[in-house]
Amino acid sequence: AWTKFVEFYPASVLWDLSIVGLTFLGTWLISLADRVGLSTGRRWIWAVWLLLLLQMPMVYAVERGNNDALVIPIFALAVYSMVQNRTFLAGALFATACWTKVYPVVPSFVLLSAVVLD
């Protein structure tokens, strides 16, 4: 809806920058899990961000302008909420990520299975 108010080229540039920013936001949220002992350290956060940015969903997002970049911060916030034992919020965010795109279903299933088996 916001593109109605902006011409095509500036909207394209803004959305491409947003994709990079949203990817960074998602990796930063995952790095917050380091505070509770989940990850191995923040020194690899830039490598993770770069790897995420070069994956096909992000390349397609930049190429086609779709909303794949929105899934990463939603899923990352769900993981962080799960680590913080905020199960209702984590479940709602996992469901939102899966509703937005189909591919978060697999990691959501793996994480929820790990919680049940633990």
* To do: Using the rule that two of Ile, Leu, Val, Met, Phe, Trp, Tyr join whenever any of their side-chain heavy atoms come within less than 4.5 Å, decide whether Tyr9 and Leu17 are in one cluster.
  => yes
* Asked: If you measure from OG1 on Thr100 to CD1 on Ile74, what distance do you get to the nearest 0.5 Å?
  -> 4.5 Å
* Atom CG in Leu70, atom CD1 in Ile19: separation rounded to 0.5 Å? -> 8.5 Å
* Atom pair CZ/CG of Phe94 and Leu77 - distance to nearest 0.5 Å -> 10.0 Å
* Structure fact -> Rounded to the nearest 0.5 Å, the CG atom of Leu25 sits from the OG atom of Ser18 at a distance of 11.5 Å
* To do: Please report the closest heavy-atom contact between Val71 and Pro104, naming both atoms and the distance.
  => CG1-CG, 3.3 Å
* Got Leu22 and Ile72 here, is their nearest side-chain heavy-atom distance under 4.5 Å? -> no
* To do: Could you tell me which non-hydrogen atom of Val6 sits nearest to which non-hydrogen atom of Ala11, and how far apart they are?
  => CG1-N, 3.5 Å
* What heavy-atom pair brings Ala76 and Gly26 nearest, and what distance separates the two atoms? -> CB-O, 3.3 Å
